[in-house]
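Data first, discussion second: the structure below is written as structure tokens.
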Amino acid sequence: MEQQKPKELYRGITLNYNLLKTIRFYGVDIVPYYEPFVDELGRKTDKAGNEYGVYLSDNYQMSSGIYANTNDAVGIMIDKDFQIRVSGQPMTLRIPSVEVLYKIDPTNIDVHRPWIASYLEGTYHGDEWVAEKVPASEYTVTRLTIGSDLLHDKENFDVSNIAEAEAGVKQAIERRRQQLEALYLELKKLPASTRYQFEKIDLEIFKDIFGDNGIKYLDYDKTQLSSGNDYIKYLIRDNWMSNSESIDFSTLRYIETIKQKMPRGFTVDDLIQELRTEKDLITASKENFIQRKKANGELEDTTNFDLRIARVSQFIDKIVKKVRTSNDEMHMEEEFGKTMASPKEGLHRPVISESVKKTVILHDQKQKLHEMKQQLLDEQQKRQQEAMSNEEELEDDFGMSM
Amino acid sequence: MKEYKLKEEQIKRLVNHNGSCIASDKITVDGKKIGYMYRENPTSEFDTGWRFFAGDEDEQYTANPDNFEIYELNTICNYDQDIIPYLMKPVGTKLERDDKDFKEVND
């Protein structure tokens, strides 16, 4: 007996980067996105041998949680032969997929329970229904999510304006692809021994460098730094740029550790304070170490402490110097604003009078004439010198032939 | 002898225009951004007619020819690249800075 149509149906799908290029989320009918297979009975089937068509479900949980579900193993690999290990776990670089959840009003759609391949009979199929197509007027997109990847967390898009959401998803996935490829090229340069020994903290470093607003894409000479996190990125960038041939993971990890200690929304003053505390703590540890060694009558080697203190001091110096430069630039901009204020107020707009202009032009012409004269004199002098040296050479030659 | 903010070796080729212009020392010596510029009838075949000011030159300052020099237009673009999009404006144009852009003004 044919079951009565439910009032609402759902469709959850996961689209990879390639499919995303062709699929539209609004204004078009939903149809299967691949051509049918044909079984031994001549029926059109899907990849699994079930009835061909657009699959829908009356089970929201299945559609939302299982069918529309990206996870780390889904997505297109940038290089299937390339792997890294993070805390011992193998990982690949993948362009993430997109989860799409549709809500469908089946009132005006011809939907029915699908027939399934004989080998799948008796298994659960997620309360499915099938239709030849779902017209554009009968569905809405209720969720649009890009899955996580090595550089980004999951990202939900506001579907209240589906046209904007669609454009946003396509732009974001393209941006992510470029960022992941940039990371891939950088990681490819590293020896396998380094690539297989990443820690979770290294993923945070990669995000800071290659992820959204990553330091790779910012021109720090032109960027105004304001938050404490901006200065953390500045330190990372400084270290990364100076060690581009051989990435100094030890220092980068240390900077990332400092960042993780900071409270939410920390300022540059908080950061400087934290670094000073850090320096005091290392200095105190060094003193304890020396005392202990002395008490045991052993020689003390404080190189490790000294290097750590030097590193923190260097960070403080760099930040303070950058803060000063930024303040100077801001001050200059303020001053500049002041000088610009006067013409805007319409008090005075400078103009060069005809007489001044004539004097300037005359002066310029005189200067050019003077330069030309000087050039002529120089050339004349050069020619005279050349002639004299030629004469000397001739005399020498003549003298020798005697 | 004036001490210019940019040395000869710092000047890059930014525009393919070899014409000349007049600029105030406030830009080339003091290093201020261009705040006001206008284009008048050229005085020679080499002159583009452009005149550049920081914007705070008062009458006393503009009355002194020593405060101005003739430069190649490209040189002034090196002092302030924000002017480049406006260089094709016709004679009679007067532009005042509005943040990174310039807006036309009428007296």
Side-chain angles (χ1 to χ4, degrees), chain A residues 213 217-226 230 321-322 324-379, chain B residues 1-2 5 20-27 30-47 49-72 80-82 94-107:
Chain A
N213 299 317
Y217 317 103
L218 291 178
D219 182 349
Y220 269 71
D221 294 331
K222 290 180 184 164
T223 308
Q224 191 74 44
L225 308 184
S226 51
D230 288 345
K321 205 171 158 188
K322 186 68 185 166
R324 280 195 193 132
T325 318
S326 300
N327 286 346
D328 287 350
E329 279 166 5
M330 269 171 69
H331 178 68
M332 274 170 73
E333 275 177 20
E334 280 168 14
E335 287 299 310
F336 177 60
K338 280 178 202 163
T339 59
M340 287 306 101
S342 58
K344 275 180 189 165
E345 284 158 19
L347 297 174
H348 171 72
R349 285 202 183 103
V351 65
I352 310 175
S353 68
E354 285 304 311
S355 61
V356 169
K357 201 162 55 189
K358 272 181 193 160
T359 318
V360 173
I361 293 166
L362 204 67
H363 175 75
D364 187 62
Q365 283 170 349
K366 273 187 188 169
Q367 207 174 337
K368 279 192 181 126
L369 270 172
H370 176 74
E371 278 168 12
M372 278 167 70
K373 207 171 152 185
Q374 192 60 46
Q375 217 173 341
L376 279 169
L377 281 169
D378 289 346
E379 272 176 32
Chain B
M1 192 73 173
K2 290 176 184 177
K5 276 280 169 189
S20 63
C21 61
I22 299 178
S24 135
D25 286 356
K26 294 249 183 188
I27 300 160
D30 299 349
K32 288 192 173 183
K33 288 266 184 187
I34 293 167
Y36 178 63
M37 62 203 225
Y38 64 83
R39 191 171 195 180
E40 60 181 359
N41 281 322
T43 54
S44 69
E45 58 177 315
F46 303 110
D47 185 18
W50 279 112
R51 315 292 176 237
F52 298 101
F53 304 84
D56 60 353
E57 294 88 347
D58 57 22
E59 281 171 34
Q60 198 185 345
Y61 189 94
T62 51
N64 185 354
D66 291 343
N67 291 328
F68 296 89
E69 291 287 345
I70 294 178
Y71 300 92
E72 202 180 302
D80 192 343
Q81 294 187 24
D82 293 348
K94 292 173 184 175
L95 296 161
E96 198 169 77
R97 180 179 283 276
D98 186 8
D99 194 19
K100 277 262 171 200
D101 302 317
F102 283 84
K103 59 174 186 189
E104 287 208 31
V105 288
N106 297 305
D107 280 332

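Proteins get letters first, then strands, A, B, ... in listed order; numbering begins at 1 in each.
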### Side chains of B:Asp80 and B:Phe52 in contact at under 4.5 Å (non-hydrogen atoms)
no
### Engaged part of B:Ile22 at the chain A interface, taking heavy atoms whose separation is under 4.5 Å
side chain
### Minimum side-chain heavy-atom gap B:Asn67-B:Glu57 below 4.5 Å
no
### Task
Using a cut-off of 6.0 Å, state whether more than 12 heavy atoms not belonging to B:Gln60 lie near its atom CD.
no
### Query
Is it the side chain or the backbone of B:Glu40 that comes within 4.5 Å of chain A heavy atoms, both, or neither?
side chain
### Query
Is there side-chain contact between B:Val105 and B:Tyr36, with heavy atoms separated by less than 4.5 Å?
yes
## Note on the structure
So, the part of B:Phe68 with a heavy atom under 4.5 Å from chain A: the answer is both
